[in-house]
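None of the values given here were measured: they were computed from a predicted structure.
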Amino acid sequence: MNIVRRNAPSRGLGLRAMPIDDQLGRVVENMMQDFLAPFMPYSGLAAGGQAQDMAIAPPINVVETNNAFEVEVEVPGVRKEDVKVSIDGQRVSIEAEAKRESAQKEGENMVYAERTIKKFSRTFILPVEVNEDGAQARLEDGILKLSLPKKESGQAKQLTVQ
């Protein structure tokens, strides 16, 4: 008997090929992922991927004020050097990586060691465009805090009739 491995593209749980931009779609996708996760813990491995290549969609909180959006993203174990935030109009993308390696102390004989690498990735759409120049990000105790000022909407210009 010959066994043939076919590499298919990895899509997490394989529920959607495209990112979801609407809030209801995100809720339904998260419910399905939570429901199916116990049955498919290594779905990325079955598709030919590596366990460390699978990104986790971290939970977020978004609060809108008059002038800005305040965003909190849970990224435990991540250093600020390993966080990338990009803003493109209304779309905000966050990528982060947490690495943990076991250190061997002098005089110890390492018998078994595990290294953990977690990748976090999340993209969402805000209702209005963001002013990239005034945006700020800080990382405190595993929480990434973003302050994203709203872009001033263009005021209608009144023309003088000649």
Side-chain angles (χ1 to χ4, degrees), residues 10-16 18-45 47 49-152:
S10 175
R11 293 185 195 157
L13 293 177
L15 299 176
R16 289 208 181 245
M18 301 288 290
I20 297 177
D21 293 336
D22 62 278
Q23 189 174 11
L24 179 61
R26 172 67 67 191
V27 169
V28 171
E29 182 180 61
N30 287 342
M31 285 179 10
M32 290 301 296
Q33 286 179 346
D34 291 344
F35 177 74
L36 295 174
F39 305 107
M40 303 172 68
Y42 302 106
S43 61
L45 296 176
Q50 298 285 335
Q52 67 264 19
D53 291 339
M54 294 184 287
I56 299 167
I60 63 171
N61 294 331
V62 180
V63 176
E64 181 177 6
T65 64
N66 290 336
N67 301 326
F69 294 98
E70 302 297 327
V71 181
E72 291 184 347
V73 185
E74 293 181 22
V75 286
V78 173
R79 298 178 312 167
K80 66 180 180 178
E81 299 84 24
D82 297 329
V83 177
K84 295 178 186 172
V85 179
S86 61
I87 301 168
D88 183 18
Q90 294 174 256
R91 182 181 302 266
V92 179
S93 298
I94 301 165
E95 294 180 11
E97 186 173 271
K99 298 177 187 176
R100 186 184 62 128
E101 296 186 18
S102 54
Q104 184 174 356
K105 297 177 184 173
E106 190 173 328
E108 292 181 341
N109 185 19
M110 185 67 69
V111 176
Y112 185 79
E114 291 185 344
R115 289 162 180 79
T116 303
I117 298 175
K118 291 182 184 177
K119 292 184 180 182
F120 299 92
S121 177
R122 188 75 185 255
T123 299
F124 54 94
I125 303 291
L126 295 171
V128 297
E129 288 192 27
V130 174
N131 180 1
E132 298 92 357
D133 297 331
Q136 296 178 349
R138 64 186 184 280
L139 185 64
E140 298 174 358
D141 300 325
I143 306 290
L144 176 64
K145 297 180 180 183
L146 305 175
S147 179
L148 307 173
K150 296 177 183 178
K151 188 174 267 189
E152 294 292 327

Checking Glu97 side chain against Lys119 main chain: does a donor-acceptor pair fall under 3.5 Å? no
Show the nearest heavy-atom pair for residues Ser121 and Pro58, with the distance to one decimal. O-CD, 3.6 Å
Under 4.0 Å between a Lys/Arg side-chain N and an Asp/Glu carboxylate O for Arg79 and Asp82? yes
What pair of heavy atoms forms the shortest contact from Gly77 to Ala98, and how long is it? O-CB, 3.4 Å
Nearest 0.5 Å, please: how far is CD in Gln136 from CD in Glu70? 9.0 Å
Drop me the distance from Asn67's CG to Asn131's CG, to the nearest 0.5 angstrom. 11.0 Å
How many angstroms lie between CD in Glu95 and CZ in Phe120, if you round to the nearest 0.5 Å? 12.5 Å
At what distance, to the nearest 0.5 angstrom, does NZ of Lys80 lie from CG of Leu139? 8.5 Å
Which heavy-atom pair separates Pro149 from Ala68 by the least distance, and what is that distance? CA-CB, 3.7 Å
In short, Glu140 meets Lys145 closest at the heavy-atom pair OE1-NZ, 3.3 Å
Return the NZ to OG distance between Lys84 and Ser93, rounded to the nearest 0.5 Å. 12.0 Å
What's the shortest heavy-atom distance between Arg122 and Ala57, and which atoms? CD-CB, 4.1 Å
Test item: Val71 and Phe124 side chains (from C-beta on) under 4.5 Å apart, heavy atoms: yes
Do you know which two heavy atoms are closest between Val130 and Lys151, and how far apart they sit? O-CE, 3.9 Å
Would a 4.5 Å heavy-atom cut-off, applied to side chains only, mark Arg91 and Thr123 as touching? yes
Nearest 0.5 Å please: distance from the CD1 atom of Ile60 over to the CD1 atom of Ile94. 6.5 Å
Begin from the C-alpha positions of Leu144 and Val78 and carry the test side-chain contact (heavy atoms from CB on, under 4.5 Å) through to its verdict. CA-CA 9 Å; Leu144 176 64; Val78 173; over 6 Å; no
